[in-house]
Colleague: 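Okay, handing you the structure first.
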Amino acid sequence: MHIKIIEETDIAKVVQDVMIAASEIGFNKTKQFIIATAASELARNIFVYARKGDIYIKDLNVNGRKGLEIIAEDQGPGIANVKLALEDNYSTTESLGIGLPGTKRLMDEFKIESEVGKGTRINIKKWLDL
Amino acid sequence: MVKKKEALIDVNPIHVVWEGILLLPVYGVIDSKRGQDIMESMLEKIVDTQSKVIILDILGVATVDSAVANHLIKITQATKLMGADCIISGISPAIAQTLVSLGISLGDVETQATLKDALENAFKMMDLKVIETNQAVVG
């Protein structure tokens, strides 16, 4: 599933679609909420920092292990210091500065690639059996 | 036409549940516009009704990401500035776990799992007591 982030209301679409995908895989209500929050965080990051970008929602099935993967991709300004951005309470805007480190804690796997002037790609996964 | 439709969806009801006690159920996805709308309508209602305790019930929110939490914190801060106390209720297990994982502290905001508990707390704050009438008759 692919959702384009162009305006703020697209974040709501991401939340809804992730909730549905997570429930279809078999995640319980609490996990659905947690995954949707992580996805919302990534979608909002795209909207706030890169203005536009893409969210991909993928079902995972690796040797019978089920899960959900969310990829957030943008061609925005990129993150100059990824290590710093992953620290709590670091923010270049007025936000709380817990979005990225928080998202990492909410999910089982978190991968970030970012290059200044080129964009950012974040990949998060949640496994059903963990 | 589009604006009108948006306005209809965005209406956030605020209930006067008791003299001086307001209940504001927050549900769905909270974006910056809705966060601002909720804050404004609530502050106006506090003045209109001279309310002292506000219950913000968040059981129906779709997510509590850091931006939503930021809105909630700002709403409670503004309420305090107006001399009213704010209780956040509807902290489901999912919301509690998410807030802890995100590392969001709601600070000194009073929180309650259920709306029932929040209402009880609100009555206490207003020095009100609910009594069973049959008990009163016996007594």
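This is a predicted model, so every value here is computed, not measured. Chain naming here is simple, since letters A, B, ... match the order of the sequence lines and numbering starts at 1 in each.
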Colleague: Heavy-atom pairs under 4.5 Å with chain B: which of A:Ser40, A:Ala39, A:Ala38 has the most?
Modeller: A:Ser40

Colleague: Need one label for B:Ser32: side chain, backbone, both or neither, based on atoms under 4.5 Å from any heavy atom in chain A.
Modeller: both

Colleague: Only pairs at least two apart or in different chains count here, so list each salt bridge (charged side-chain N to carboxylate O under 4.0 Å, His left out) that has a residue in residues 80-98 of chain B.
Modeller: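 Qualifying pairs: B:Lys80-B:Asp108.
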
Colleague: Atom OG1 in B:Thr63, atom CD in A:Glu41: separation rounded to 0.5 Å?
Modeller: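 B:Thr63 OG1 to A:Glu41 CD: 8.5 Å, rounded to 0.5 Å.
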
Colleague: For B:Leu102 and A:Thr37, which heavy atoms make the closest approach, and how far apart are they?
Modeller: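 Between these two residues, the closest heavy atoms are CD1-CG2, 4.0 Å.
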
Colleague: Check whether A:Glu8 reaches the backbone of B:Asp31 with its side chain - one donor and one acceptor, N or O, closer than 3.5 Å.
Modeller: no

Colleague: Identify the two heavy atoms, one from A:Phe33 and one from B:Val61, that lie closest to each other, and give their separation to 0.1 Å.
Modeller: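 Closest pair (atom of A:Phe33, atom of B:Val61, distance): CE1-O, 3.5 Å.
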
Colleague: Kindly compute the distance separating CD1 (B:Ile95) from OG1 (A:Thr30), expressed to the nearest 0.5 Å.
Modeller: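 With rounding to 0.5 Å, CD1 (B:Ile95) is 10.0 Å from OG1 (A:Thr30).
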
Colleague: Under a 4.5 Å heavy-atom cutoff, which of A:Val15, A:Leu106, A:Thr9 has the most pairs with chain B?
Modeller: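 Most heavy-atom pairs under 4.5 Å with chain B: A:Leu106.
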
Colleague: Is there a chain of hydrophobic side chains (I, L, V, M, F, W, Y, each step under 4.5 Å between heavy atoms) that links B:Leu22 to B:Val109?
Modeller: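 The answer is yes; both residues are in one hydrophobic cluster.
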
Colleague: Can you pull out every ring pair (Phe, Tyr, Trp, His ring centres under 6.0 Å) where at least one residue sits in residues 101-124 of chain B? Sequence neighbours excluded, please.
Modeller: B:Trp18-B:Phe123

Colleague: With clusters defined by side-chain heavy atoms of hydrophobic residues (ILVMFWY) lying less than 4.5 Å apart, directly or transitively, does B:Val100 cluster with A:Phe110?
Modeller: no

Colleague: Is the count of non-hydrogen atoms from other residues, nucleotides or ligands lying under 6.0 Å from B:Glu19 atom CD greater than 12?
Modeller: no

Colleague: Using the rule that Ile, Leu, Val, Met, Phe, Trp and Tyr join whenever any side-chain heavy atoms are under 4.5 Å apart, tell me whether B:Leu115 and B:Ile87 fall into a single cluster.
Modeller: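 Hydrophobic grouping puts B:Leu115 with B:Ile87.
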
Colleague: Could you look at A:Ile11 and say if it's the side chain, the backbone, both or neither that has a heavy atom under 4.5 Å from chain B?
Modeller: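 Neither part, no heavy atoms under 4.5 Å.
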
Colleague: Is it true that, when you exclude A:Lys125 itself, more than 12 heavy atoms of the residues, nucleotides or ligands shown sit nearer than 6.0 Å to its NZ?
Modeller: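 Yes, because the 6.0 Å sphere around NZ of A:Lys125 holds more than 12 heavy atoms from other groups.
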
Colleague: How long is the gap from NZ on A:Lys31 to CD on B:Gln97, to the nearest 0.5 Å?
Modeller: 7.5 Å

